[in-house]
Amino acid sequence: MDRTDANTGTRDVAERLRFDVRALERWMADHVDGFTGPLTVSQFKGGQSNPTYRLETPSGRSFVLRRKPPGKLLPGAHAVDREARVMSALGVQGFPVPRIHGLCEDDDVIGTPFFVMDMVEGRIVWEASFPGLIRQERSAHFDAMNATIARLHNYDPQSIGLGDYGRATGFVERQVARWSKQYEGDVEAGRIPAMDRLVAWLNDNLPPDNGEARVVHGDYRCDNMIFAPNAAEVRAVLDWELSTLGDPTADFVYHLMMYRMPAGMFTGLDGLDYAELGIPTEEEYVAAYCARTGRPSLPHLDYLIVFVMFRIAAILHGIRGRLARGSASSAHAEATSALTEPLAELALQQARTARL
């Protein structure tokens with residue numbers, strides 16, 4: 001599957017995801033400074049979970065709308081209110097996120113809760129090998145990604161108004177329980193033997209809690225960032241649906257997972273010639289993050305790799321469930337959900353060689 005073609009740009013809004021544009025215009029007139037319509041609305045091709053739209057105005061000003069999908073939803077999923085809150089708080093700190101103009105929790109406007117934010121222009125890179133760049137440029141982009149997640153993890157949640165954004169302890173244990181429950185509870189998506197074995201392994205080998213709580217993104221990878229058009233600069237980090245307070249090392253290891261994924265699977269790098277491409281090794285990338293966050297090492301790295309692979313497999317399993325329920329928002333949801341089994345098997349391989 002060509003992820004660049006499948007995810008880049010916009011398309012006509014899918015029939016089941018259309019809404020009353022005039023009602024949105026009235027809301028924006030009340031909540032967005034300087035807004036003038038009428039709006040031209042299209043749907044971004046990406047966005048597996050929360051449907052995302054481009055809103056264009058006659059003046060050339062553009063916005064992005066992100067909403068809960070219509071239909072039957074799993075409890076606690078599609079939390080657009082949390083996305084809006086965390087981006088607003090981080091934006092005050094100067095962290096690279098789009099400016100949030102407003103959150104609407106009134107279903108009567110467009111049918112489901114939504115928020116509107118600025119459209120940030122730049123590049124989205126769909127492959128972690130950063131194709132098309134020279135060695136020095138590629139190395140600089142990796143350094144920018146590393147510096148940005150380290151910056152996020154260096155914020156004290158209490159001091160930026162997010163002290164109550166999640167529970168401060170027991171993050172990995174709660175996440176294992178949450179995604180196990182979500183996987184096992186999604187009856188329409190079916191059961192997968194490798195996933196069942198991973199649930200058991202993760203519970204049997206759970207490491208002690210480190211007690212560290214920071215804002216964690218939950219899905220930090222190159223294709224959830226907007227880079228400057230011609231520079232190794234992260235202009236915006238997107239897709240905060242899975243964000244909470246939690247263990248920053250688990251959040252970083254999710255990003256680090258690219259080194260354990262085969263090239264061609266999501267944002268995988270395994271099998272590439274890092275020296276030739278100008279990509280730091282896994283060890284070098286970990287060392288840079290540790291230096292920036294003041295930690296000597298990443299404990300329980302191998303366990304966390306298995307956990308984050310399981311978690312993304314559970315997310316893909318959820319896409320399969322949404323397909324079965326008719327609520328999947330992305331045109332390529334079927335191809336994406338087909339990767340559930342290969343990813344679960346890869347996680348099992350990591351579990352067999354894990355150093356605990």
Side-chain angles (χ1 to χ4, degrees), residues 74-77 79 82 149 152-153 157 163-186 189 191-221 241-261 266 270 282-283 285-286 289-290 293-318 321 339-356:
L74 293 174
R82 289 178 60 81
I149 192 170
L152 174 67
H153 293 163
D164 62 346
Y165 193 60
R167 292 171 59 183
T169 59
F171 174 75
V172 173
E173 182 178 5
R174 285 185 286 105
Q175 286 283 299
V176 168
R178 172 190 173 182
W179 291 104
S180 298
K181 182 179 179 181
Q182 195 134 315
Y183 158 68
E184 293 172 343
D186 200 337
R191 298 295 287 271
I192 298 171
M195 292 289 283
D196 292 334
R197 290 197 288 274
L198 285 168
V199 169
W201 186 91
L202 288 165
N203 281 284
D204 289 345
N205 294 281
L206 194 71
D209 181 45
N210 67 9
E212 187 177 6
R214 289 290 186 267
V215 176
V216 297
H217 179 273
D219 197 12
Y220 188 86
R221 58 193 194 197
E241 185 192 349
L242 298 174
S243 62
T244 187
L245 296 189
D247 182 349
T249 62
D251 199 36
F252 177 73
V253 168
Y254 178 90
H255 176 51
L256 192 72
M257 178 174 56
M258 60 187 170
Y259 285 97
R260 307 291 182 98
M261 289 265 202
F266 292 103
D270 190 33
E282 178 182 314
E283 293 75 15
Y285 202 69
V286 169
Y289 171 79
C290 287
T293 56
R295 63 186 77 242
S297 64
L298 291 184
H300 316 297
L301 173 59
D302 286 350
Y303 177 93
L304 292 174
I305 285 285
V306 177
F307 159 63
V308 296
M309 285 186 176
F310 166 76
R311 195 188 70 164
I312 198 169
I315 292 170
L316 299 185
H317 185 262
L339 296 172
T340 308
E341 284 91 348
L343 184 54
E345 291 292 345
L346 181 60
L348 273 181
Q349 292 175 23
Q350 296 289 321
R352 294 187 188 107
T353 59
R355 292 168 294 179
L356 301 176

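FYI, side chains are in, hydrogens and waters are out, and symmetry mates aren't considered; it's all heavy atoms of this structure.
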Return the set of residues passing salt bridge (charged side-chain N to carboxylate O under 4.0 Å, His left out) with Arg260 (not counting sequence neighbours), or none when no residue passes.
Glu282, Asp302
Applying side-chain contact (heavy atoms from CB on, under 4.5 Å) between Thr340 and each of Ile315, Ile312, Leu316, report the one that passes.
Leu316
[X] versus [Y]: any side-chain heavy-atom pair under 4.5 Å?
| X | Y | answer |
| --- | --- | --- |
| Glu345 | Arg197 | yes |
| Phe171 | Leu245 | no |
| Tyr303 | Val172 | yes |
| Tyr289 | Pro248 | yes |

Measuring from atom [atom1] of [X] to atom [atom2] of [Y], what distance do you get when rounded to the nearest 0.5 angstrom?
| X | Y | atom1 | atom2 | answer |
| --- | --- | --- | --- | --- |
| Asp270 | Met257 | CG | CE | 13.0 Å |
| Met309 | Arg311 | CE | CZ | 13.0 Å |
| Tyr183 | Leu198 | OH | CG | 9.0 Å |
| Thr169 | Asp247 | OG1 | CG | 11.5 Å |
| Asp251 | Leu152 | CG | CG | 6.5 Å |
| Ile305 | Leu256 | CD1 | CG | 5.0 Å |

Could you go through residues 211-220 and list every donor-acceptor pair under 3.5 Å that involves a side-chain atom there, pairing it with any protein atom two or more places apart or in another chain?
unit_1: Glu212; atom_1: OE1; unit_2: Arg295; atom_2: NH1; d: 3.1
unit_1: Glu212; atom_1: OE2; unit_2: Arg295; atom_2: NH2; d: 3.1
unit_1: Arg214; atom_1: NE; unit_2: His153; atom_2: O; d: 2.9
unit_1: Arg214; atom_1: NE; unit_2: Tyr155; atom_2: O; d: 3.3
unit_1: His217; atom_1: ND1; unit_2: Asp219; atom_2: N; d: 2.9
unit_1: His217; atom_1: ND1; unit_2: Tyr220; atom_2: N; d: 3.1
unit_1: His217; atom_1: NE2; unit_2: Leu238; atom_2: O; d: 2.7
unit_1: His217; atom_1: NE2; unit_2: Asp239; atom_2: O; d: 3.1
unit_1: Asp219; atom_1: OD1; unit_2: Tyr254; atom_2: OH; d: 2.4
unit_1: Asp219; atom_1: OD2; unit_2: Asn224; atom_2: ND2; d: 3.1
unit_1: Tyr220; atom_1: OH; unit_2: Met145; atom_2: O; d: 2.7
unit_1: Tyr220; atom_1: OH; unit_2: Ile149; atom_2: N; d: 3.4

Could you pull out the closest heavy-atom pair between [X] and [Y], with the gap in Å?
| X | Y | value |
| --- | --- | --- |
| Asp209 | Gly170 | OD2-N, 3.1 Å |
| Ser180 | Asn203 | OG-ND2, 4.3 Å |
| Ala313 | Met195 | CB-SD, 3.6 Å |

Okay, side chain of Tyr165, backbone of Arg82: is any donor-acceptor separation there less than 3.5 Å?
yes
Counting N and O atoms only, with roles assigned by atom type, does the side chain of Arg174 sit under 3.5 Å from a partner on the main chain of Arg167, one being a donor and the other an acceptor?
yes
Atom CZ of Arg191 with >12 non-hydrogen neighbours under 6.0 angstrom
yes
Steps toward side chain to side chain contact (heavy atoms under 4.5 Å, CB included) verdict (Leu298, Leu304):
CA-CA 10 Å; Leu298 291 184; Leu304 292 174; over 6 Å; no
Tell me whether the rings of Tyr285 and His255 are parallel (<30°), tilted (30 to 60°) or perpendicular (>60°).
tilted
